[in-house]
Amino acid sequence: AAPLPDTINADGKSLYNPPGPTSAAYDAFPLPIDSSNNGFDFHIYYMQAVESQKTYARALHERIRREFPELRIYKFWEKPVGPHPVAMFEVNVFTPHQTGAFFSWLAVNRGPCSVLIHPNTNNSYKDHTELATWMGKPWPLYVDVLGTTARFGGGSRPQAQSQPQTQS
């Protein structure tokens with residue numbers, strides 16, 4: 001491929017990119033994301049002992065159900081479940097377009113809630129640790145409950161840690 005130009009755009013800061021084909025990632029998740037079930041999980045966390053957060057999260061859950069009926073939205077948990085150290089609810093997206101739209105919507109509407117976002121790659125441990133990203137405060141996860149084999153068959157993860165895992 002020809003070298004990219006060092007030309008600066010009229011804004012005086014950004015680089016000029018010559019026109020070219022659009023990335024395939026706009027239409028399909030890149031490997032190793034396995035979108036046979038769904039591409040990404042959004043876990044919306046709130047502190048269940050803080051009434052104002054619980055109230056906000058419950059209203060957010062309902063708003064998401066009304067504004068994004070095409071997404072898979074799970075029940076509103078009022079206690080920690082699985083690897084999640086506080087109460088939460090989960091939303092699944094199925095396309096890159098939905099992922100971007102929901103991400104940008106949550107960025108401005110999540111309020112006091114934190115959001116764990118992770119792809120589904122056939123390795124639950126890696127998805128929840130190395131490949132995860134956060135909006136808001138990151139919480140330590142109890143990764144020992146994620147199992148030792150990949151969700152969709154094949155592969156394995158390192159031995160479980162007894163301490164919660166946090167992102168760096």
Practice problem: Evaluate the side-chain contact (heavy atoms from CB on, under 4.5 Å) criterion for residues His128 and Val143: first the C-alpha distance (whole Å), next the side-chain angles of each, then the deciding distance (0.1 Å), finally the verdict. | Solution: CA-CA 8 Å; His128 286 81; Val143 298; 5.5 Å; no
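A salt bridge does not link Arg58 with Glu62: none of the charged nitrogens is closer than 4.0 Å to a carboxylate oxygen.
By the side-chain hydrogen bond (donor to acceptor under 3.5 Å, both in side chains) test, Asp6 pairs with no residue at all, sequence neighbours left out. In this structure Arg63 satisfies the side-chain hydrogen bond (donor to acceptor under 3.5 Å, both in side chains) test together with Glu67, Asn109, sequence neighbours excluded.
A cation-pi arrangement is absent between Lys137 and Trp134 under the rule of less than 6.0 angstrom and at most 45 degrees off the ring axis.
Side-chain N or O atoms of His61 include one that pairs as donor or acceptor with a backbone N or O of Tyr74 at under 3.5 Å. Distance alone, capped at 3.5 Å, places no donor-acceptor pair between the Asp34 side chain and the Thr121 backbone.
Taking the six-membered ring where tryptophan is involved, the planes of Phe42 and Phe40 are tilted, since the angle between them lies from 30° to 60°.
The two residues Ser35 and Phe29 come nearest to each other via the heavy atoms CB-CD1, 3.7 Å. In terms of heavy-atom proximity, Leu15 sits nearest to Ile8 at CD2-CD1, 3.7 Å.
Within 6.0 Å of OH in Tyr56 there are more than 12 heavy atoms belonging to other residues, nucleotides or ligands. The 12-atom threshold is not exceeded at CZ of Arg65, counting heavy atoms of other residues, nucleotides or ligands nearer than 6.0 Å. The 12-atom threshold is not exceeded at CE of Met47, counting heavy atoms of other residues, nucleotides or ligands nearer than 6.0 Å.
Grouping Ile, Leu, Val, Met, Phe, Trp and Tyr residues whose side-chain heavy atoms lie under 4.5 Å apart, directly or via other members, leaves Phe94 alone, with no other cluster members.
Ile44 and Phe68 fall within the same hydrophobic cluster, where Ile, Leu, Val, Met, Phe, Trp and Tyr residues are linked whenever their side-chain heavy atoms come under 4.5 Å apart, directly or through other members.
In this structure, the side chains of Asp41 and His118 come closer than 4.5 Å at one or more pairs of heavy atoms.
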